[in-house]
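The next block holds one structure in the form of C-alpha cells; read it before the comments.
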Amino acid sequence: MSLEFLIASAIGALVAGGVYLSLRARTFQVVLGLTLLSYAVNLFLFAVGRLTVDRPPLYAKGVADYADPLPQALVLTAIVITFGMTALSVVLALRSFLESGSDQVDGIADEEAES
Amino acid sequence: MIEVALHIALGAVALALLLNGWRLLKGPAIGDRIVALDTMVINAIAVIVLIGMIGGNDTYFEAALLLAMVGFVGTIAYCKFILRGDIVE
Amino acid sequence: MTAFDHLIVAPIVIPAVTAAVALLVMRRRRRLGAALSLAGCVAGLLAAVALLVTASDDAIRVYAIGGWRAPFGIVLVLDRLSAAMLVLASLLGTIVMAHAVITAADRKGWHFHPLFQFQLLGLNGAFLTGDLFNLFVFFEVLLIASYGLMLHGQGAARLKAGVAYVVVNIVGSAIFLVALGLLYGLTGTLNMADMGVRIAMLPSGDGGLARIAGLLLTAVFALKAALVPLHLWLPRTYAATMPVVAALFAIMTKVGVYAMIRVVPLVFGATTGEAAWVPSPWLAPAAIVTALLGFGGVLSGRGLRESAAFAVLGSTGSLLLVLAAWTPAATAAALFYLINATLAGAALFLVADVAMRRRGQYGDAIVPTPRFAGQDAVGLLYLATCIAAIGLPPLSGFIGKLLMLRATVDAPAQPAIWATILGTTLIGVVGFARSGSAIFWKPADGGAGLVSAERSRADLTAPAAALGAIVLLTVFAGPVSDWTAATARQVFAADRYVAAVLSSEAGR
Amino acid sequence: MSSAIDLAVAALVLLGAAFVLIGSWGLVRLPSTMERLHGPTKATTLGLGALLVGSVVFFQGKLGVWTAHELLISVFLFITAPISANMIAKVHLHRMRTGALVEPESIAGEPPAPAPDVDWATFQAPRDGSSASTAGS
Amino acid sequence: MRALLPHPALSALLFLVWLLMANSVTPGGIVLGAVFAIVLPRFTRPFWPDRPRVRFNRALLGYALVVLYDIVVANFDVARLILFRRNRDLRARWLVVPIALDTPEAITVLAATISLTPGTVSSDVSADGRFLLVHALDVADPAAEIARIKARYEARLLRIFA
Amino acid sequence: MLGTLFRASRTVHLGVAGAATAIGFVVLLSLAPAVLAGDLPATRVAWVPALGLELSLWLDPLALLFAGLILGIGFLVVVYAAGYLSEDEPTGRFLSFLMLFQGAMVGIALSNNVVLMLVFWELTSLSSFLLIGFWRHTAEARQGARMALAVTGGGGLALIAGMLLLGQAAGSFELATILTRGAIVQASPLYAPALLLILLGAFTKSAQFPFHFWLPHAMAAPTPVSAYLHSATMVKAGVFLLARLWPVLAGTDLWFALVATTGLVTMIFGAAIALFRTDLKAILAYSTISQLGLMVMLLGFATPAAAAAAVFHILNHAAFKAALFMNAGIVDHETGTRDIRRLGGLARLMPLTATMGVLAAAAMAGLPPLGGFISKEMMLHETAQTAVLGQTWLVPLLATVGATLSVAYSLRYALGLYFGPQRTGEVAKPHDPGAALLAPPLLLVALALGFGLLPMLIAGPLVTATTAAVTGGAPPKIDLALWHGLNLALALSVGAVLGGAFLLARHAALAHRVATGHWVDAKRLFDAAMDALVTATRRVTLAIHAPSLQRYLLLLFATVVVLGLDGATKVGPVLTGGRATTPASPAAIVVWVLLLAATLTVVVTQRQRFLALVFISVIGLAIALAFVHLSAPDLALTQIAVEVVTILLLLLALHLLPKQPARLSSTRRRLRDAVLGLVAGGGASATAWAIMTRVRGDTISTFHWANSYSGGGGTNVVNVTLVDFRAFDTMGEIIVLGIAGLAIFALLEPAVRGAAGQRLRAWRDTMPHSPERHPMMFVMATRLLLPLALLVGIYIFLRGHNQPGGGFVAALIFAIAILLQYLASGYDWTDERRRIGEHPLIAFGVLIAVGTGLGSLAFGAPFLSSSFGYFHLPVVGEFELATAMIFDVAVACVVLGAVMMALAQLSHVAQRAARQPDAEGER
Ligand code: NA
Ligand code: NA
C-alpha cells in the first residue's frame with residue numbers, strides 16, 4: 001500500500017461519513033458531519049501538494065527536495081477558518097435549540113409548529 | 001543498527017496504537033475508552049519522536065511537546081463531562 | 001508608487017478600521033460608534049467612486065499586496081467590473097446602514113456595526129482580489145459576517161433559518177476548497193490570470209480534473225447566487241432575518257454571479273480546451289427554473305419579506321439565464337440588470353421594513369390591515385419598488401430586461417430565454433399586484449386605524465434613497481449601459497487581464 | 001565511540017518501545033478499568049522516557065545537534081499524566097457509585113470509606129478549608 | 001528580592017524550561033529567559049495567590065532521585081505483572097493512605113508521585129483532605145505498602161514543603 | 001407632476017391638471033395645420049444607445065389624431081371630474097394618476113421609437129391599474145385593477161418581444177425607419193412571431209376576444225376614468241398600434257386572417273353581450289369591445305378605404321362613447337344606480353341629459369345624421385368588398401349581424417333610460433346636474449353630430465391625412481357623407497336598424513333565455529385560473545422550499561456528485577498519473593486503520609454523542625500524525641491545538657443539548673444517504689488519488705521557497721507565506737475568526753433572557769453528578785501549567801518565522817492555558833483574574849494587522865510589505881526583527897480574543913441564565 005492510497009481512501013471515508021452525518025436530522029450530528037468533512041477537505045487540500053516524507057519546508061540552501069509549502073499554508077488558513085465556522089455553527093445549533101426546544105433540522109418540527 | 005532498532009520500535013509503538021484502538025472501540029466502560037484515548041496520545045508522542053529520529057530531523061519535537069502539554073486537556077474534559085456534565089463551572 | 005495608487009486598498013482598510021474602532025467605541029458610546037460606522041460607509045463609497053472614475057480609462061490596474069508580484073503574491077485588480085461592484089456594494093451599504101441607524105435596528109442586538117463593516121470588507125475584498133484562494137478567504141469573511149448579521153435580533157425562526165443558512169454555506173466553502181485544491185494541484189498556481197493560462201496548457205489527460213474543478217467552482221458560486229437546485233436556503237434566510245439585513249443581502253447573491261463573471265471567462269475561457277465554458281450546459285436550465293420558482297414565489301408569498309426574497313431569487317435566475325450565453329453583449333446586459341436587481345431587491349426589503357414598523361402586529365403578512373400611518377406614502381414607495389424589481393417601465397428594471405432580451409436575440413435558446421424573462425415578469429406583476437393591493441388597498445374589517453409606534457417619516461429616507469438610486473440608474477441608463485458594455489468587453493478580453501496581471505511591474 | 005552510541009540509542013529506543021507496547025498490552029488484557037489504568041503509566045514514564053533519552057543521545061551523538069526538547073516533553077508528561085489518571089479514576093469511582101457500570105467492577109471492589117462520616121471527594125464535596133478544597137484560593 | 005521574584009522556584013523552573021526549549025545557551029537566550037522567568041510569575045500571580053514556598057534542599061534532590069529510581073524499578077515490576085500474571089491472580093487493592101501533608105500543592109505532588117510509579121494510581125482524596133485513595137495493581141500487604149509510601153515520599157515532601 | 005401637490009387644495013389640483021392638459025391640446029392644435037400640410041415635427045434625445053432606445057418623438061397625422069383625442073377628451077374628463085368627484089375624494093391622487101396615464105398615452109401616440117413606445121405602453125397599463133383601483137376599498141375595484149394589469153400588462157410583455165423582433169427584422173428601432181421596411185420585414189422569418197406577439201399586445205389592450213373580459217371589470221373605476229380609458233384612449237391604443245404598424249405588418253394573409261377575424265368575432269360577441277347587460281357601464285363597456293372589434297376588423301382588411309373607415313370610426317367612437325360614459329355617470333350620480341332595470345322615463349326629469357344620451361346612443365347605433373352612421377356605412381361597404389374562403393356574402397352578413405346588435409343595445413340604452421315608465425333608482429326626483437358634468441358630454445355630442453352633418457369640413461382633412469399616415473401611401477380620396485346613394489351598404493344599414501328594432505322588441509324574452517342559460521363567464525374563468533395558479537404555485541413553492549436542512553444538503557451533495565461525474569466523464573478520464581507512489585510504513589497503515597475505524601465509529605455511534613466526540617478526537621490525532629509524517633510540522637501543531645479547543649467547544653455545547661436523542665430518519669432515508677455518502681466519498685478518493693499521482697508541474701511555491709529567507713527573512717517557508725507572501729489571506733482569516741467570536745458573543749449574550757433563558761433555567765441534566773466541582777490535583781496542576789504553557793506559547797511564537805510555530809498556534813496555546821483554569825477552577829474564579837477583555841483583543845488585533853499593512857505605505861511600499869533586519873545588542877548578540885512579527889502579534893491577539901470569547905461565553909451561559917434577575921419571577 002502506498003501513502004497516496006492511504007490518504008486518498010482516508011479522504012473518501014471522511015467524506016462519506018461527513019456526507020452521511022450532515023444529512024441527519026439533528027444539529028449535533030450535522031456538526032459532527034461538518035467536522036468530518038472539514039478533516040477531509042484539509043487532507044485533500046494538503047494532498048494536492050503531493051506527498052513528501054521527511055522534507056519539511058524549512059528553507060536551507062541547496063535543498064531542492066521539500067514538501068510544497070503553499071498547500072500547507074492554505075491548509076493552515078483553512079483550519080483556522082474552519083474552526084471559526086465550527087465554533088459558530090455549534091453555538092448557533094445550541095442557541096437555536098435553547099430558543100425553540102428542538103434540535104431538529106428536518107423541518108418537521110417547524111411544520112408541526114406552523115400547523 | 002539504529003535504523004533497524006528505530007523501525008522495530010516504530011512497529012512496536014504502532015502495534016501499541018492498534019491495541020489502544022481496540023480498547024477504545026471495545027470499551028466497555030467509558031473510563032476504558034478515555035484511558036485508551038489518553039494512552040493513544042502518549043503513544044502518538046512516541047511515534048512523533050521516532051519519526052523525528054528516523055528522519056534525523058528535530059523539527060517535529062514541538063508537535064510532540066504540544067501534544068504532551070495539551071493532549072491531556074481532552075482527557076480531562078471528557079472526564080469532567082462525565083463527572084459534572086458542565087466542564088466549566 | 002503615488003499615494004493614489006494605494007487607494008485600491010481603501011475599500012478593505014476603511015471597513016476594517018471602522019469595524020475595529022466601532023467595536024472599541026460601541027461598548028461605551030453607542031451613538032458615536034454608529035456615527036463612525038456610517039461615516040465609514042460614506043468614506044468607503046467615496047473611495048469606491050474614486051476607483052470607478054479611475055477605472056473608466058479602461059486600464060487594468062494591478063496592486064501587488066506586500067510587494068509580491070503576481071502570480072507569486074496576492075494582487076488586487078482594479079478593472080471596470082471590480083470598480084462597478086465596489087460602488088454598488090458601497091452604495092447599498094451606505095443606504096442600508098443609514099436605515100439601520102435611523103430605525104435603530106442596529107440596537108436590536110450586539111455588534112451590528114462591526115459585523116456590518118466586516119461584511120462590506122468581505123464584499124470589497126472579493127471584488128478586488130485577483131487570487132482564487134484569496135477570493136475564498138474573502139468569501140468566508142463576507143459569509144461569516146453575514147451569519148452574524150443574519151442572526152441579528154435573533155428569535156426562534158431566525159435562529160432556525162440561521163442554522164440551515166450557516167451549515168449549507170459551510171459545506172459550500174468546503175467544496176470551494178476542494179475545487180481550489182484541485183486547481184492548485186493541476187496548475188501549481190492560485191492567481192486567476194495565471195491559472196487560466198496554465199489550464200490552457202494542461203496535458204489532455206488532465207482535462208477531466210480541470211472540468212471537475214470548474215464545475216465544483218460553479219456549484220459553489222451557484223450556491224451563493226442561489227441557483228436552483230442550490231437555492232433552497234435563500235427564501236427562509238432572507239425572510240427570517242431583519243429586513244434591513246436582508247436589504248444588504250440583496251448583494252450577496254450577486255457576489256456569486258460576480259464570481260462567475262470573473263472566473264469563467266478568465267479561468268475557463270475559450271482557450272482552455274476541454275475545460276472551456278464548462279459550466280455552460282448546466283447554467284441556463286437551472287436559471288430558467290430559478291426564475292420561475294423565484295417569481296412563482298413572489299406570486300405565492302405570504303409575507304412581504306418572503307416575496308421580496310423570492311424576487312431576489314427570480315432576478316438572479318433571470319440574469320444568470322442571460323449570462324449563460326457567455327457573450328459580451330449578454331454579459332453587459334446582465335450586469336446592467338444586476339445593478340438594478342440589487343438596488344431593487346434591497347429597496348423591497350427596506351420598504352417591507354417600513355411597512356412592518358407601521359403595521360404593528362400585522363407585521364409583513366400579506367393581509368389587509370386597518371389604516372396605518374403613512375399608508376399612502378409607503379404604498380407609493382412599494383409600488384415604485386415593485387416596478388423596479390419586476391422590470392416594468394419606466395424604471396431601470398425595464399431597461400435591464402430589454403437589454404437582456406436584445407442581447408439574447410441571436411442566442412440559440414432565445415425562445416426559452418425570452419419566454420422565461422417575459423413570462424416570469426408577468427407572474428411577478430400579478431404577484432406584486434396581489435400583495436400590494438392586499439396590504440395597501442384592502443381595508444381590514446374593524447375600521448379604527450392602527451396606532452403604530454412610527455410617527456416620524458424619517459424611516460422613509462433610506463427606501464427613498466434606494467429608489468432615488470434606481471431613478472438615477474434609469475435616467476443615466478445610457479452611460480451606465482455603455483459602461484457595462486465596456487465592462488463586458490474587458491471581461492471577455494481575458495488576454496488583456498492576463499497581460500496586465502502577469503506582466504505587472506509592481507512587486508518584487 | 002560511534003558503536004557505543006549506536007548501541008545505547010538502539011537499546012534505549014527498543015526499551016522505550018517495549019514499555020510502550022507492554023503498557024498498551026496491559027490496557028488490553030487487564031480485567032477492568034482501574035487495573036487497565038496502570039498500563040499507560042509505563043508508556044508515560046519509562047517508555048517515553050527511554051525513547052526521549054535515546055533521542056537526545058541520538059541527535060547529539062549521530063548528528064551533533066544538541067536537543068533537549070525531549071526532556072521538556074517528559075516534564076510536561078510528568079505534570080499531566082497523573083492528573084489524567086486521577087480524573088479517569090474519579091470517573092470510574094463515580095460510575096461505580098451511581099451504578100452506571102455494566103462492566104465488571106475492579107477486582108479491588110468498592111473503595112473503603114476513608115473515615116467515619118467522611119467520604120472521597122468524588123462522592124462528597126470537599127470541605128471548605130480542608131486541603132482537598134481549592135475554593136477561596 | 002521578594003517583590004522581584006515572588007516565586008523563585010517557579011522562576012527557576014521557567015528559566016530552565018526556556019533554556020531547554022531554546023536548545024542552546026546563548027547570551028540572547030539567557031536574557032530572554034531571565035525576562036520571562038521574572039515577568040510570567042508576576043503576570044500569572046493572581047491565578048496562584050498563595051503559592052507555598054518550596055525549599056531547595058537536599059530533600060528535594062533526594063526525592064527526585066528516589067522517585068526516578070522507583071519509577072524504573074516499578075516499571076519492570078509492572079511489566080512482569082502485565083506479561084506474566086494471570087488476571088485472576090492479580091491482588092488489586094484500594095489503599096487508604098492517611099496523609100500528614102496539609103497543603104493541596106504538597107498533596108498533589110505526593111499523589112502525582114504515586115501515580116507516576118507504575119503499579120499504583122492516586123484515585124481520589126477524601127473530602128477532608130486527610131486521606132489519599134490509591135489503587136494498587138498488585139499488593140500482598142496493603143499496610144506495608146501504605147507505610148512504604150509514607151516513609152519514602154511523604155516524609156521527604158514534608159521537608160520540602162515547610 | 002401632481003404628486004408633490006398631494007396636500008394642496010382640490011381646486012389647485014384640478015386647475016393644474018386642467019391647465020396642463022389644455023396647454024398640451026392647444027400646442028397640438030397649433031401644430032396641426034403644419035402637420036396636416038405634410039410637416040413632420042420631431043425631436044430626439046439619446047437615452048440608452050445600447051438598446052436603441054431614445055426619447056424620439058414625432059407628430060405625424062396619426063399621432064396628431066390620437067394625441068388630440070387624448071388631450072381633448074382628457075381636458076373634458078378633468079372638467080367632468082371636477083363635477084363628479086365629491087369633496088372628500090383624494091383628487092390629488094386621482095389627478096396625478098390621470099395625468100400619468102395621459103402622459104403615457106400621449107407618449108404612445110408620439111413615439112417615434114418602438115422601444116420608447118413600449119415604455120409608454122406598459123406605463124399606461126400601470127397607470128390604468130392605479131386608476132381602476134382608485135376606489136380601493138371595494139373588492140371590484142381591486143380585482144378589476146389587477147385583472148386589467150394582468151391582461152394588458154401581460155399583453156404588453158408579448159408586445160415587447162414582438163417589437164424587439166420587429167426591430168431586429170427591420171434593423172432599426174426608429175419607427176419612421178421601420179415603417180419604410182415593410183417588404184424586408186414581411187420577408188423575414190421573424191415576421192410571423194413578431195406579428196403574433198405584437199397582435200397579442202394590441203388585442204389585449206383593445207379588449208379583443210378572447211382578451212376582452214378585463215374591460216367590463218375595469219368599470220369599477222370612477223366614471224371619468226371609464227370615459228377616458230375605456231372609450232377614448234387606452235383601449236384604442238391597440239387599434240392605434242395596428243394602424244401605426246400597418247405599413248410594415250399589414251397586407252399579408254396572416255394579418256388578414258388574424259386581425260380581421262378577431263375584429264369581426266369581437267364585434268359580434270361584444271355587441272351580443274352588451275345587449276343583455278343591465279349595468280349601464282357594463283352595456284357601454286361591451287359596446288366598446290364590439291366597436292373596437294369593428295375598428296380592428298377594418299384595419300385587418302388592409303385596404304386604404306378600410307383604413308379610412310377605421311380612422312373615421314375612431315373619431316366617432318371617441319366622441320359618442322366618451323359622451324355616453326359621462327351620460328351614464330350623470331345618471332348614476334343623480335339617481336344612485338346604474339341598473340337599467342331600475343331606471344326609466346328620465347327624459348322628463350333630466351331633459352338635457354336625456355337629449356345628450358339619446359343623441360350619443362343614436363351615433364353608436366349608427367343612425368343618421370350622426371357621424372356613427374357614416375362610419376358604419378363605410379364599414380359595411382368595406383365588408384361587402386371582402387371575400388373570405390371565396391364567399392363574398394359571409395363577411396357582410398356577419399358584419400350586419402354585429403351592426404344589428406349594436407343598434408339594439410344602443411336603442412335599449414336610450415329608450416330604457418329615458419322613455420317608458422318612470423323609474424328613478426335611489427332618488428325620488430333626479431335632475432340635470434351642474435355645468436361641469438353637462439358641458440363635456442354636450443361638447444362631445446355636438447362633435448358627434450358635427451361628424452355626421454359636416455364630416456368633410458370637420459374631419460375630412462384629418463381623416464385623409466391620417467389614413468395616408470396609416471397606410472404609408474398617398475392620401476386616399478375619401479368622401480365622407482351621409483348619402484352615397486342607394487347601395488348595398490345602405491341596404492345593410494337599414495336592415496341592421498330594422499333588425500335591431502326587432503331584437504329590442506323581443507328583448508324581454510331573449511333576456512330571460514340568456515339569464516337562464518349557462519354561459520361561460522370569462523371573468524370567472526380568469527379568476528379560477530388565477531386562483532388555481534396561485535394555489536398551485538403556493539403548493540409547489542411550499543413543497544419545494546420546505547424548511548429542511550436535510551433537503552438543502554441533499555441537493556447540494558447530489559449536485560456536486562452529478563457535476564463531478566459530468567466533469568470526469570465528458571473527456572477521457574485518466575485516473576492515475578505518472579508520479580511514483582510512496583510506500584507506506586506499517587505505522588502509517590496502523591494510523592490509517594485507526595482513522596478509518598474511528599470515522600466508521602463516529603458514524604455508527606452518532607446518537608451516543610459523547611462517544612462520537614471521543615472518536616472525533618482519534619481522527620484528529622490520526623491527522624496530526626499524518627501531518628507529522630508528511631513533512632508538515634506547522635500543520636501538526638495547529639491540528640493538535642485546534643483539536644483540543646474544538647473538543648472543549650463541542651463538550652460545552654453537548655452539555656446543554658440532548659445527549660442520546662431518538663432516531664428520526666427512516667431506514668430508507670439512511671440507506672439513501674449512505675449511498676450518496678459512498679458515492680461522494682468514492683469521488684473524493686478518486687480525485688485525490690488522481691491528483692496525488694500526477695507529476696507535479698512548475699508551481700509558484702518554488703518562488704516562495706527561493707525567496708523565503710532572502711525576501712521574507714524567515715526559513716519556515718510556511719510561516720513566511722502566511723505572514724508575508726500571503727499575509728493578505730491571513731488578515732482575512734483572522735478577521736473571520738474575530739467575526740466568529742463577535743457573532744458568538746452576539747448569539748449568547750441575549751440567550752439568558754426570553755425563551756432560551758427559561759429553558760436554560762428549567763434545564764436539568766439527566767446524568768447523575770459528582771458533587772466535587774474542582775478536583776484538587778487538577779486545580780493544582782493547572783496553576784503550575786499556566787506560566788509554563790505561556791512560556792511555551794511565547795517560544796512557539798518567537799520561533800515561528802524560522803521554525804514551525806507562529807502566532808496562531810501560540811495564541812491557541814495561550815487560550816488553552818487559560819481555558820484550563822476555567823476547567824479546573826471554574827468560570828467566575830478565572831474570569832475575575834483575567835487581565836484583558838476579548839473585545840479589545842479582537843479590535844486591537846485587527847487594528848495592528850491593518851496598521852502593519854498601512855505602515856508600509858509610509859515607506860512607499862505596497863500594503864502589507866514586510867521588512868526585516870538583523871540587529872545587534874550588547875550581551876544579547878545579534879537578533880532579527882521583522883514587521884511580519886508585528887503582524888503575527890495581530891494574529892495572536894485576534895485568535896486569542898476570538899477563541900476565548902467563544903469558549904468563555906459558551907461556558908457560562910447557563911450560570912448567567914440562573915443569575916438572571918427575572919429568574920425568580922418565572923417560577
Ligand atoms: Na503509580
Ligand atoms: Na459551564
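Naming convention: chains lettered A, B, ... in sequence-line order (proteins, then strands); numbering from 1 in each chain.
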Heavy-atom pairs under 4.5 Å with chain D - which of [options] has more of them than the others?
| options | result |
| --- | --- |
| E:A106, E:P98, E:P104 | E:P104 |
| E:V17, E:L16, E:I107, E:L68 | E:V17 |
| E:L13, E:I82, E:D138 | E:I82 |

Rounded at 0.5 Å granularity, tell me how far CG in D:L30 sits from CG in E:L81.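 With rounding to 0.5 Å, CG (D:L30) is 8.5 Å from CG (E:L81).
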To the nearest 0.5 Å, what is the distance between CG (E:L20) and CG (D:L72)?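 Reported to 0.5 Å precision, the distance equals 4.5 Å.
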Output the option from [options] having the highest count of non-hydrogen pairs under 4.5 Å with chain E.
| options | answer |
| --- | --- |
| D:E70, D:K90, D:R29, D:Q124 | D:R29 |
| D:P111, D:A89, D:A113, D:A115 | D:P111 |
| D:A132, D:S131, D:G39 | D:S131 |

Name the orientation class of the two ring planes belonging to D:H38 and E:H135 (parallel below 30°, tilted from 30 to 60°, perpendicular beyond 60°).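 Tilted, since the angle between the ring planes falls between 30° and 60°.
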Is it the case that the side chains of E:D124 and D:T122 hold a donor-acceptor pair, with the cut-off being a distance below 3.5 Å and no angle test?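 There is such a pair (donor and acceptor under 3.5 Å, judged by atom type) between the side chains of D:T122 and E:D124.
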Between E:W94 and D:M34, does the side-chain contact (heavy atoms from CB on, under 4.5 Å) criterion hold? Intermediate values first, please. CA-CA 10 Å; E:W94 289 108; D:M34 273 322 293; 3.8 Å; yes
Looking at every heavy atom in both [X] and [Y], which two are closest together, and how far apart are they?
| X | Y | result |
| --- | --- | --- |
| D:P31 | E:N87 | CD-OD1, 3.3 Å |
| D:L93 | E:S123 | CD1-O, 4.2 Å |
| E:S126 | D:V118 | CB-CG1, 4.0 Å |

Does D:P126 offer a backbone N or O that forms a donor-acceptor pair with the side chain of E:D128 under 3.5 Å?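 Checked: no pair found.
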Between the main-chain N or O of E:A127 and the side-chain N or O of D:S130, is there a donor-acceptor pair closer than 3.5 Å?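 Pair found, side chain donor or acceptor close to backbone of E:A127.
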Between [X] and chain D, with a heavy-atom cut-off of 4.5 Å, which part of the residue counts as in contact: side chain, backbone, both or neither?
| X | answer |
| --- | --- |
| E:L133 | both |
| E:A136 | backbone |
| E:D102 | backbone |
| E:L90 | both |
| E:I71 | side chain |
| E:R88 | neither |
| E:R80 | neither |
| E:L95 | neither |

Chain E contacts: which residues in [range] have a non-hydrogen atom closer than 4.5 Å to it?
| range | result |
| --- | --- |
| residues 74-87 of chain D | D:F78, D:P82, D:A85, D:N86 |
| residues 15-25 of chain D | D:L15, D:F19, D:I22, D:W25 |
| residues 45-55 of chain D | D:T45, D:L46 |

If you count the non-hydrogen atoms of other residues, nucleotides and ligands that lie under 6.0 Å from CZ in E:R148, is the total more than 12?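 Enclosed.
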For residues 152-162 of chain E, please give each side-chain donor-acceptor pair under 3.5 Å, one per line with the distance, not counting sequence neighbours.
unit_1	atom_1	unit_2	atom_2	d
E:R152	NE	E:D70	OD1	3.2
E:R152	NE	E:D70	OD2	2.6
E:R152	NH2	E:D70	OD1	2.7
E:Y153	OH	E:D70	OD2	2.6
E:E154	OE1	E:K150	NZ	2.7
E:E154	OE2	E:A100	N	2.4
E:E154	OE2	E:L101	N	3.2
E:R156	NH1	E:R152	O	2.8

